[in-house]
Amino acid sequence: MRLWPIKFEKIVSSGRALGKNCGKVVFCYGVLPGEVAEVKFVREKKDYIEAELVNVIEPSRFRILPKESHYLSCSPWQTIDYKYQIRLKADIIEEGIFQTVRKDIKLDSFYKAYNIYGYRTKIEYRLENTCSKLKYAFYKRGTKDLVLLENGCKLVDDKVNYIAYSFLDYLNSLDVGKEALEKIVFRKSTNGQVLGIIYLKNKIDIDIVMVPEIEDLAGLIVIADNNKKVYGRDFIEQDLLGTKIKYGYDCFFQNNIELFSKALEIVRNEINNVGKIVDLYSGVGSIGLSLRDSASKVYLVESFKNSYLYSVKNIRSLNANNVISIFSSSERVSEDILKESDVVILDPPRDGIKKIVLDKLLKILPEKIVYLSCNPVTLGRDLSFLLKKYSLKKIYGFDFFPNTVHAEVLAFLEK
Ligand SMILES: C[S@@+](CC[C@H](N)C(=O)[O-])C[C@H]1O[C@@H](n2cnc3c(N)ncnc32)[C@H](O)[C@@H]1O
């Protein structure tokens, strides 16, 4: 196996460091800008090479020791000093937007995380058998190989890991093999309730007769094919700026509650006393419901059935009589819903907004658009359309995912 010493220039939006070998681009996780590292080439493509880090020859002064041996699987930036992470992320956001907007857009502020570990509300563990015992594992980044975990992961708090391992002991006492198990997901609210969700490979054949006696394990959901068994509860209740929002075990929910609440607070301060708000990609209603007192009418639009159903439950339990939820994709939502809206909220998945939705917005022209994005590259692409008719009033970055390359961006647009 040949090893290559390479100087890496910067980190790109995928989170990998970029260097060059004889003029050809080399990407590698775990290397910092300015470092010289010995790497192993694992995949050679037409335009670039993917490499694996073997040894850092000239370390950056911002390099620190990772807290976990499996850090490359869950959070490759554990080796980067936090203050430097923030600088890198602000640059990555601005560069990501520049790629398509072709204008220098500077963030008005970048909000760093309150906690750089233990912040996630959701974690997904794979399983492996060693010495006839089940162990938790993650995928090795970019592969289907498993990396064993001895103590869970520090991206979730001690309580989640304690519950996860108590539950693993329980599964080991039932003598369940990994052949039966696809993955186990844990989700939690900030008040400490935890759900365990077990995905089986085939039909439900584990004899789990009851939720094991584990403090704060509020519910256990066993899923196989299209069957589901629920022990205890199958939803979580989360307080967001004083609004209690319920979401199902399989619904999208934000991972970093503290910083998401900060973003919501900023949106609430900007959007006041308006007529109609349409919250596209609304999930269970976290944003739209938090704005129910700021508008006379709020419409939620969501395409995932269970999230839509929870948005209806949330509307009822909050007595939010001015909020209506619509089960539809944003692409198919009727123009009657969008027209005469004062504010449209956009919080799409990483792929961003489909052209058909952007075209509708540019036709209907709501007064304001609030865009919360988890991908600066697709945000930039979508802004390059929206900026034909809108101007960018404010743009903020948030470190929802410390120790990873990911960042959230909140943009306010006005006609
Ligand atoms: C990033 S999440 C945001 C959810 C919500 N705003 C929140 O903060 O919890 C994106 C949501 O859009 C939904 N979604 C995905 N594609 C959609 C589409 N084409 N139309 C409507 N909703 C969609 C997903 O199910 C998910 O709930």
Side-chain angles (χ1 to χ4, degrees), residues 111 119-122 187-190 235-241 243-268 271 277-292 294-295 298-315 318 320 323-335 337-338 341 343-361 369-379 381-382 396 398 400-401 406-412:
Y111 292 89
Y119 60 83
R120 285 190 67 94
T121 58
K122 181 179 178 190
R187 304 191 78 168
K188 67 157 268 204
S189 66
T190 45
F235 67 90
I236 289 228
E237 188 174 78
Q238 176 63 53
D239 193 297
L240 287 174
L241 298 182
T243 296
K244 287 201 172 7
I245 303 277
K246 293 193 182 79
Y247 64 94
Y249 72 92
D250 56 351
C251 300
F252 173 89
F253 206 78
Q254 302 284 348
N255 249 303
N256 190 321
I257 302 299
E258 290 85 357
L259 264 193
F260 178 56
S261 302
K262 180 72 207 167
L264 274 182
E265 199 179 289
I266 294 173
V267 176
R268 258 200 342 208
I271 308 298
I277 296 179
V278 181
D279 179 6
L280 297 179
Y281 314 90
S282 63
V284 297
S286 311
I287 303 180
L289 282 164
S290 304
L291 293 172
R292 67 194 184 285
S294 313
V298 179
Y299 289 88
L300 311 176
V301 178
E302 169 61 39
S303 64
F304 180 63
K305 186 75 177 278
N306 209 25
S307 294
Y308 158 75
L309 292 174
Y310 269 91
S311 72
V312 173
K313 287 183 195 171
N314 287 326
I315 289 170
L318 292 165
V323 184
I324 293 177
S325 189
I326 296 161
F327 177 44
S328 166
S329 70
S330 301
E331 295 77 29
R332 295 177 73 108
V333 74
S334 108
E335 285 193 11
I337 300 294
L338 285 171
S341 48
V343 182
V344 170
I345 314 269
L346 304 170
D347 182 10
R350 287 187 66 73
D351 284 352
I353 316 274
K354 292 244 164 65
K355 175 85 168 36
I356 182 173
V357 180
L358 294 169
D359 285 342
K360 273 190 208 173
L361 292 172
I369 294 177
V370 179
Y371 193 145
L372 184 63
S373 161
C374 54
N375 184 347
V377 174
T378 53
L379 172 68
R381 181 200 65 201
D382 298 343
Y396 304 102
F398 295 86
F400 277 21
F401 302 99
H406 301 291
E408 204 79 2
V409 190
L410 176 64
F412 290 92

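Ligands are counted one by one from 1 in listed order, and the atoms in each one are counted from 1 as well. Given the structure is predicted, the values throughout are model-derived calculations rather than measurements.
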CG (Asn306) and CG (Asp250) are apart, to the nearest 0.5 Å, by 4.5 Å
Can you find an N/O atom of Ser329 closer than 3.5 Å to an N/O atom of ligand 1?
no
Under 4.0 Å between heavy atoms, the region of Lys354 that gets near ligand 1 turns out to be neither
Within the 4.0 Å heavy-atom cut-off, what Cys374 brings close to ligand 1 is neither
Output for pair (Leu358 CG, Glu331 CD), nearest 0.5 Å, gives 10.0 Å
Filtering Pro348, Ser330, Ser282, Ser328 for the heavy atom nearest atom 20 (N) of ligand 1 leaves Ser330
One should read off an interatomic distance between Phe253 CZ and Ile236 CD1, to the nearest 0.5 angstrom, of 9.0 Å
Output for pair (Asp279 CG, Leu289 CG), nearest 0.5 Å, gives 8.5 Å
min-distance protein heavy atom vs atom 15 (C) of ligand 1 -> Pro349 CG, 3.5 Å
Notebook entry, point to check: Are any of the N/O atoms in Glu331 less than 3.5 Å from those in ligand 1?
Noted result: yes
* Asked: Is Glu302 in polar range of ligand 1, meaning some N or O pair under 3.5 Å apart?
  -> yes
Heavy-atom proximity to atom 1 (C) of ligand 1, picking from Val301, Asp347, Ile287, points to Asp347
Of Cys251, Gly283, Ser286, the residue with the heavy atom nearest atom 9 (O) of ligand 1 is Ser286
of all protein heavy atoms, closest to atom 8 (O) of ligand 1 is Gln254 NE2, 2.8 Å
Checklist entry - After noting the C-alpha distance and the side-chain angles of Gln238 and Thr190, does the key distance pass the side-chain hydrogen bond (donor to acceptor under 3.5 Å, both in side chains) rule? => result CA-CA 7 Å; Gln238 176 63 53; Thr190 45; 2.5 Å; yes
Looking only at protein heavy atoms, what sits closest to atom 12 (O) of ligand 1 is Tyr281 CB, 3.4 Å
Tell me if the centroids of the rings in Phe398 and Tyr111 come within less than 6.0 Å of each other. yes
For Phe304, the atoms of ligand 1 under 4.0 Å from one of its heavy atoms are 25 (O)
For atom 16 (N) of ligand 1, the closest protein heavy atom turns out to be Ser303 OG, 3.8 Å
> For ligand 1, is there an atom lying under 4.0 Å from some heavy atom of Tyr247?
Replying inline: no
When rounded to the nearest 0.5 Å, the distance separating CZ of Arg268 from CG of Leu291 is 7.5 Å
Backbone N or O of Phe304 within a donor-acceptor pair of the Glu302 side chain at under 3.5 Å?
yes
d(Ile345 CD1, Ser286 OG) to nearest 0.5 Å is 11.5 Å
Margin query: Under a 4.0 Å threshold between the charged nitrogen and the carboxylate oxygen, would Glu265 count as salt-bridged to Lys262?
Written below: yes
At under 4.0 Å between heavy atoms, what of Phe260 touches ligand 1? The answer is side chain
